[in-house]
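One structure below.
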2 protein chains.
Amino acid sequence: MTTVLIVDDEPQILRALQINLHAHGYTVVLAVNGTAALAAAQTQAIDVVVLDLGLPDMDGLEVIAGLRGWSEVPIIVLSARHGSHDKVEALDAGADDYVTKPFGLDELLARLRAATRRAGPQSAEPLVETAEFTVDLANRLVLRGGEAVRMTPTEWSLLELLVRNPGRLVSQQQLLSEVWGPAYAKETHYLRVYMGQLRRKLEADPANPAHLLTEAGMGYRFVP
Amino acid sequence: MTTVLIVDDEPQILRALQINLHAHGYTVVLAVNGTAALAAAQTQAIDVVVLDLGLPDMDGLEVIAGLRGWSEVPIIVLSARHGSHDKVEALDAGADDYVTKPFGLDELLARLRAATRRAGPQSAEPLVETAEFTVDLANRLVLRGGEAVRMTPTEWSLLELLVRNPGRLVSQQQLLSEVWGPAYAKETHYLRVYMGQLRRKLEADPANPAHLLTEAGMGYRFVP
DNA sequence: CCAGCGCGTTAAGAACGCGTAAAAACGGGC
DNA sequence: GCCCGTTTTTACGCGTTCTTAACGCGCTGG
């Protein structure tokens, strides 16, 4: 889920963007001035910023500079000014893109996609953490107390499937058919053997698991 | 030094951009059509592409798609069309920015700076170091104790792929299909032979590798 | 109360993957 | 056509992983 911070002082624009972006699957965070924008960016995880340069409390360039002081989040600038001087200043201050009003919503959406596509690959780090261990999906790594835990292919495959469905119950059939193949959907004792190995490697008390739980007769559940 | 590939079919624009960008410190490579552009991008190191959509031999979108097939180089599109549909198509095809003609040179320069600023930090790190050896990606050089280590093409290709994904597990299939080609995705014994050669050349104790690790049944991992 | 079921644990043989070395095939330069 | 470096095969020993089986435990329903 991508989170967009929209910074604008005109309520109707704010509202229009909120509705439209939300309708396209974005999580929307609003700010009506520069101060609120900087505060919002520091307190929650923002994936991309849409910034109107005309703000009541501070210059839009200051907002860009304030963000760039600690963050590399993509910034798309909206402005009514067509002058190339304004564009140059905003871009050199650290903005990623500059759109002049009036603009089409589909164009803004396309530029949002372009911005998040660039930043996406590096920021999209699927890290799943528990009190006991950490699973790094991207690097195929399991850490426990700073040490890497060695996993066999089957163990990893099983763990990955559970961890990718945090909190959700995964049925025995699904586990078996995705890890061993559809033909093995009835060999439930494989699960017992491998769940035991996972628990011995990852749980503090393998006999009383805290994260890799058994749902008798149904399947298994991973809780972070 | 930043290298710009300019793709345009109008000689006077090509010439004007060449002179101006060169005056601002860029190395300029020119292409008058899509075929030449793709060829140029493959034979030399390009940092950013400036692409006019109106080309004689192929659609500009095809050029974008062709580049995006293997490269993540920033692409700035120039176009006379103001329609938002054209913008959306180009951006979704993989372009990073879209500038409509007529445009100011200073605006283009600012957008060039913004594009290279984003890409710069990650591509400007062609040195990967370990306690044992150093890999210079830019110069295709491997140093060990101040001495250059001779690498065959296959060895280098394999090493480069691993080193470009530090800490990450790279699957056997990915290694085989990127180094030898998709048809070799099952010839896992190639990997054993060449990983052995790399370890003999780079590791202090080839039998107990510290940086080129094997994850049985899954793939290999480089750790710095 | 006990039989049946599902779960967890352990152990051992079979099967597979890995590392190594060395030979054979290939290909480009002279 | 020959030589030399590189790539592709081949073979074998060894360690790891998978599979299978056996056993004990707790819960449930008859």
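When reading the values below, keep in mind they use all heavy atoms of this one structure, side chains included, and skip hydrogens, waters and symmetry mates. Proteins come first, then strands; the chains are lettered A, B, ... in the order of their sequence lines, and each starts at number 1.
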Ignoring backbone atoms, test whether [X] places a side-chain nitrogen or oxygen under 4.0 Å from the OP1 or OP2 oxygen of [N].
{"X": "T154(A)", "N": "dT17(D)", "answer": "no"}
{"X": "R192(B)", "N": "dC18(C)", "answer": "yes"}
{"X": "W180(A)", "N": "dC18(D)", "answer": "no"}
{"X": "Y190(B)", "N": "dT9(D)", "answer": "yes"}
{"X": "T188(B)", "N": "dG17(C)", "answer": "no"}
{"X": "T152(B)", "N": "dG5(D)", "answer": "no"}
{"X": "R200(B)", "N": "dG19(C)", "answer": "no"}

Rounded distance (Å) that lies between atom [atom2] of [N] and atom [atom1] of [X]:
{"X": "L191(B)", "N": "dT20(C)", "atom1": "CG", "atom2": "P", "value": "14 Å"}
{"X": "K186(A)", "N": "dG6(C)", "atom1": "NZ", "atom2": "P", "value": "11 Å"}
{"X": "R199(A)", "N": "dT10(C)", "atom1": "CZ", "atom2": "P", "value": "13 Å"}
{"X": "W156(B)", "N": "dT7(D)", "atom1": "CH2", "atom2": "P", "value": "14 Å"}
{"X": "L176(B)", "N": "dG17(C)", "atom1": "CG", "atom2": "P", "value": "13 Å"}
{"X": "R150(A)", "N": "dC18(C)", "atom1": "CZ", "atom2": "P", "value": "11 Å"}
{"X": "E155(B)", "N": "dG5(D)", "atom1": "CD", "atom2": "C1'", "value": "11 Å"}
{"X": "E187(B)", "N": "dC18(C)", "atom1": "CD", "atom2": "P", "value": "14 Å"}

Item to check | Options dA21(D), dT6(D), dT20(C), nucleotide nearest the side-chain atoms of P153(B) | outcome: dT6(D)
Checklist entry - Which nucleotide sits closest to the side chain of Y194(B): dG19(C), dC18(D), dT8(D)? => result dT8(D)
Item to check | Residue whose nearest DNA chain D nucleotide is more 5′ - M151(B) or M151(A) | outcome: M151(B)
Checklist entry - Heavy atoms under 4.0 Å, any strand shown: does Y220(B) hit a base, just sugar-phosphate, or nothing? => result sugar-phosphate
Next on the checklist: Counting the atoms with a prime plus P, OP1 and OP2 as sugar-phosphate, which does Q197(A) contact under 4.0 Å by heavy atoms, base, sugar-phosphate, or nothing?
Outcome noted: nothing
Checklist entry - Do V50(A) and V4(A) have side chains that get closer than 4.5 Å, going by heavy atoms? => result yes
Next on the checklist: Measuring only between side-chain heavy atoms, which start at C-beta, is K201(A) closer than 4.5 Å to V142(A)?
Outcome noted: no
Checklist entry - If we ignore angles and hydrogens, is there a donor and acceptor under 3.5 Å between the side chains of D106(A) and S84(B)? => result yes
Item to check | Backbone of I76(B) reached by a side-chain donor or acceptor of D96(B) within 3.5 Å | outcome: no
Checklist entry - Given the rule in the side chain to side chain donor-acceptor pair (under 3.5 Å) test, do T214(A) and R199(A) qualify, once you have shown the distances and angles that lead to the verdict? => result CA-CA 11 Å; T214(A) 299; R199(A) 291 206 258 245; 3.1 Å; yes
